[in-house]
Amino acid sequence: MARAGRPSKGMTLSKHNIELAIKSTQSMGQAGLYMGVAKNTFKKYAKLHGLWNPKKSSKGIRKTGNVGSQLKHDLKAILEGKNPNPYREDTLLTKGIREGYIACKCGNCGQDFNHIDISQKQPPLILDFLDRNPMNTHIDNLRALCFNCIYILRKGVLSFDFPEGYNQEFELIIDPILEFSTYSGSTTDNFGYTATYDDLGYLYAGSTAFGTGYPTTIGAYQLNYTNSLGGTDIAITKYDTTGTQRIYSTYLGGGNDELPHSMIVNSSNELFIYGTTASADFPTTSLAFQQNFRGGPAFTPSGIGVTFPNGSDIFVSRLSTTGGSLLASTFIGGSGNDGLNTALKLRYNYADEVRGEIDIDNQNNVYIATCTNSNDFPVKNSFDTNFNGGQEGCIIKMDNQLTSIIWSAYLGGTYDDAIYSLALDNNDDIYVTGGTASVDFPCTANAYQTTHQDPISADAFATKISADGGQILASSYFGTPQYDQSYFVEIGSNNSIYFFGQTNSLGMQLVTNANYSVSGGGQFIAILNQDLSSVLRSTVVGTGKGTPDISPTAFLVDVCDKIYIAGWGSNLGGPLSTLNLPITTNAFQADTDGNDVYLMVLDGAL
């Protein structure tokens with residue numbers, strides 16, 4: 001993505017480009033015009049690079065004239081490299097977009113600007129030369145870049161470029177800083193589980209509260225703690241962008257325990273919460289898909305202070321923007337435990353029972369990826385409606401009002417399987433990932449791995465499902481002869497599929513085409529192609545002790561394909577620790593007692 005500096009709206013005034021312009025025009029005067037800059041500006045930079053020669057002919061090869069005028073209109077020949085380019089870069093880009101040769105979207109992050117009428121307004125794009133040679137106008141060398149993806153490379157230093165400048169009355173912040181950090185203010189025990197944000201930058205925190213001391217706000221949907229057994233209710237708080245004010249704060253729950261697993265905000269800034277409940281009186285709405293609690297066998301997760309004496313159901317709830325109304329809420333479940341990862345082989349970390357994810361597509365349909373022990377789970381209209389045994393992964397697509405299931409499916413083999421994360425591509429095909437102990441997990445013929453690698457513990461898996469739920473488009477194991485599980489999936493700017501998980505793999509077994517790795521690292525990051533048939537890049541990170549260091553809690557791939565991972569280390573429930581993990585110079589926090597959150601950012605090249 002590196003590109004040279006841009007002191008003007010014409011060509012880049014680097015030494016290399018000035019030499020090319022002089023060679024092409026055989027004239028000092030015409031070279032400046034050729035590059036689209038004023039003569040004095042060209043003269044200044046030519047002198048700077050020791051290239052100014054006032055004795056050189058001022059006639060040279062002109063940009064305009066009869067021959068030039070004919071060439072100017074032969075855009076196809078210019079983009080095939082047959083004719084020289086008489087245009088400034090911005091003009092060539094505009095013409096290329098208008099005539100359909102160049103896509104009106106960013107070639108790096110994919111942001112689309114086709115909604116802009118190019119005859120009326122220039123889209124916020126510039127022309128980028130992949131080989132950094134502006135004389136090479138072959139179409140294969142060209143792409144458009146949005147202003148968020150423009151960089152300058154000077155003497156080996158990469159920095160941002162701002163073609164339209166920026167408001168110098170305000171501080172320019174490029175590197176991420178801590179926006180805010182706050183306590184919840186709860187006077188009762190309060191365990192955090194999930195968080196999300198909306199388009200306005202508000203933060204939503206989801207947790208469990210063990211009593212009456214969680215701070216609620218006037219007008220909130222549920223002001224009071226309702227657990228009659230002294231266990232947990234869910235606690236939800238929406239913070240402003242500075243973290244100094246609560247927009248709303250509410251309990252959500254019934255007479256028994258609840259856990260929030262994942263949250264997402266829709267296009268109307270309404271919050272959706274997916275979780276599990278033991279409460280038969282958990283609040284549902286009148287048109288809900290399932291108004292009755294079905295439960296299952298008694299189950300108590302290890303060490304998190306909750307119990308499910310009558311089993312668990314999934315719940316999905318939708319809160320209004322103000323937090324004052326429950327707009328929709330439903331149970332989802334069968335006669336077994338639903339939503340909780342109860343499989344011993346798949347529970348490596350503290351609170352691994354509380355995984356799964358909720359997401360929303362552009363039509364505001366709702367997706368839940370999780371697991372179930374119910375052989376009568378409500379599955380329909382999908383590639384697999386038959387219970388295969390053990391614990392199954394499951395995927396559900398619902399309408400925005402939570403009144404009906406559009407399609408739902410089991411995903412797994414004859415042993416235990418669990419889905420932890422999902423991602424939607426531009427076609428609303430769904431990628432899911434998780435862990436499996438099944439040697440007959442459904443894999444497709446051209447998959448990267450079609451056989452289970454570890455006969456004793458879990459392998460990771462990745463599966464791509466069609467938007468209508470009708471078929472598995474691609475599916476693969478991802479593992480080694482040791483423990484591996486994938487906890488998160490994301491989609492990059494070029495539609496590559498990114499995974500973040502844990503491994504006990506030896507040495508560099510999971511390292512492919514990576515610049516950075518730690519032999520024996522216990523966390524893997526893998527990038528696969530869209531059909532999950534090959535690994536493009538992968539690496540392992542951590543202390544190198546040969547087992548995981550952190551429990552994965554968050555994963556993001558940004559518009560420039562930078563990779564963000566987060567997790568926490570603690571000896572609760574396993575040998576996890578943040579001690580001796582690598583940190584960078586000027587890290588926000590350089591010291592740890594081993595029981596902290598850990599953050600790492602890598603570039604897309606790993």
Side-chain angles (χ1 to χ4, degrees), residues 106 109-113 115-116 124 146-149 162 164 166-167 169-185 192-207 214-222 234-252 260-275 316-329 357-367 400-402 423-424 426 490-491 493 553-560 562 564 566 599:
C106 180
C109 70
Q111 186 172 358
D112 197 318
F113 296 98
H115 61 283
I116 295 177
C146 72
F147 292 171
N148 288 331
C149 295
F162 299 92
E164 293 190 346
Y166 66 93
N167 190 339
E169 293 183 5
F170 296 93
E171 181 182 11
L172 176 64
I173 299 174
I174 294 174
D175 294 324
I177 60 173
L178 182 64
E179 286 288 334
F180 74 79
S181 180
T182 183
Y183 292 109
S184 68
Y193 282 92
T194 180
T196 191
Y197 60 92
D198 64 24
D199 290 338
L200 301 175
Y202 294 121
L203 175 72
Y204 301 75
S207 60
Y214 192 84
T216 55
T217 51
I218 297 172
Y221 167 69
Q222 184 178 323
I234 291 169
I236 306 289
T237 298
K238 177 180 178 179
Y239 295 96
D240 74 345
T241 58
T242 67
T244 59
Q245 295 184 39
R246 297 183 188 95
I247 305 301
Y248 67 75
S249 192
T250 184
Y251 286 105
L252 179 64
H261 293 221
S262 178
M263 303 191 304
I264 190 78
V265 178
N266 70 5
S267 58
S268 299
N269 291 321
E270 297 161 346
L271 179 67
F272 283 74
I273 308 107
Y274 143 64
V316 184
S317 298
R318 173 186 170 198
L319 284 173
S320 65
T321 302
T322 63
S325 300
L326 188 67
L327 301 178
S329 188
E357 189 170 11
I358 186 170
D359 207 345
I360 296 175
D361 65 21
N362 290 331
Q363 290 75 47
N364 280 324
N365 296 308
V366 179
Y367 300 77
N400 194 250
Q401 305 300 318
L402 307 180
L424 300 169
N426 292 331
E490 284 278 306
I491 301 176
S493 66
T553 57
F555 183 52
L556 175 70
V557 178
D558 72 13
V559 295
C560 295
K562 287 201 292 275
Y564 302 74
L599 305 169

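Values below: all heavy atoms of this structure, side chains included; hydrogens, waters and symmetry mates excluded.
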*For the side chain of T217 and the backbone of S249, is there at least one donor-acceptor N/O pair under 3.5 Å apart?*
yes
*What's the shortest heavy-atom distance between G206 and I236, and which atoms?*
CA-CD1, 4.0 Å
_Using every non-hydrogen atom in the two residues, find where A205 and Y239 come nearest and quote the distance to one decimal._
CB-CE1, 4.1 Å
*Please report the closest heavy-atom contact between G192 and S207, naming both atoms and the distance.*
CA-CB, 3.8 Å
*Y197 atom OH, over 12 foreign heavy atoms within 6.0 Å*: no
*Give me the one residue out of D198, N269, T194, T237 that meets side-chain hydrogen bond (donor to acceptor under 3.5 Å, both in side chains) with Y204.*
D198
*asked:* Counting only heavy atoms not in E179 (residues, nucleotides, ligands), do more than 12 fall under 6.0 Å from its CD?
replied: no
*Looking only at atom types and distance, does a side-chain atom of N364 sit under 3.5 Å from a main-chain N or O of N400, one as donor and one as acceptor?*
no
*Where do V265 and Y202 land on the side chain to side chain contact (heavy atoms under 4.5 Å, CB included) test, with the steps shown first?*
CA-CA 10 Å; V265 178; Y202 294 121; over 6 Å; no
*Could you pull out all residues at least two apart from A566 that satisfy side-chain contact (heavy atoms from CB on, under 4.5 Å)?*
T553, A554, L599
*Test side-chain hydrogen bond (donor to acceptor under 3.5 Å, both in side chains) applied to T242 - qualifying residues, sequence neighbours left out*: D240, T244
*Could you check L326 against L319 for side chain to side chain contact (heavy atoms under 4.5 Å, CB included), going step by step and ending with a plain yes or no?*
CA-CA 5 Å; L326 188 67; L319 284 173; 4.1 Å; yes
*Apply side chain to side chain contact (heavy atoms under 4.5 Å, CB included) to the pair Y274 and Y367, showing each step before the final yes or no.*
CA-CA 10 Å; Y274 143 64; Y367 300 77; over 6 Å; no
*Check against side chain to side chain contact (heavy atoms under 4.5 Å, CB included), L271 and K238*: CA-CA 9 Å; L271 179 67; K238 177 180 178 179; over 6 Å; no
*Whether S262 side chain and I358 backbone form a donor-acceptor pair below 3.5 Å*: yes
*So, the side chain of T250 versus the backbone of Q222: is there a donor-acceptor pair under 3.5 Å, distance only?*
yes
*Within the side chain of Y251, is there an N or O that forms a donor-acceptor pair under 3.5 Å with the backbone of Y214?*
yes
*asked:* For the backbone of S268 and the side chain of T321, can you confirm whether one donor and one acceptor N or O come within less than 3.5 Å of each other?
replied: yes
*asked:* Looking at L200, I want to see if its CG is surrounded by more than 12 non-hydrogen atoms of other residues, nucleotides or ligands under 6.0 Å.
replied: yes
*asked:* For the OG atom of S493 and the NZ atom of K562, what is their distance to the nearest 0.5 Å?
replied: 11.5 Å
*Heavy-atom donor-acceptor pair, R246 side chain to S184 backbone, under 3.5 Å*: yes
_Short side-chain donor-acceptor distance under 3.5 Å, S320 and Y221_ = no
*Do you know which two heavy atoms are closest between E490 and V557, and how far apart they sit?*
OE1-N, 3.6 Å
*At what distance, to the nearest 0.5 angstrom, does OG of S317 lie from CG of L402?*
7.5 Å
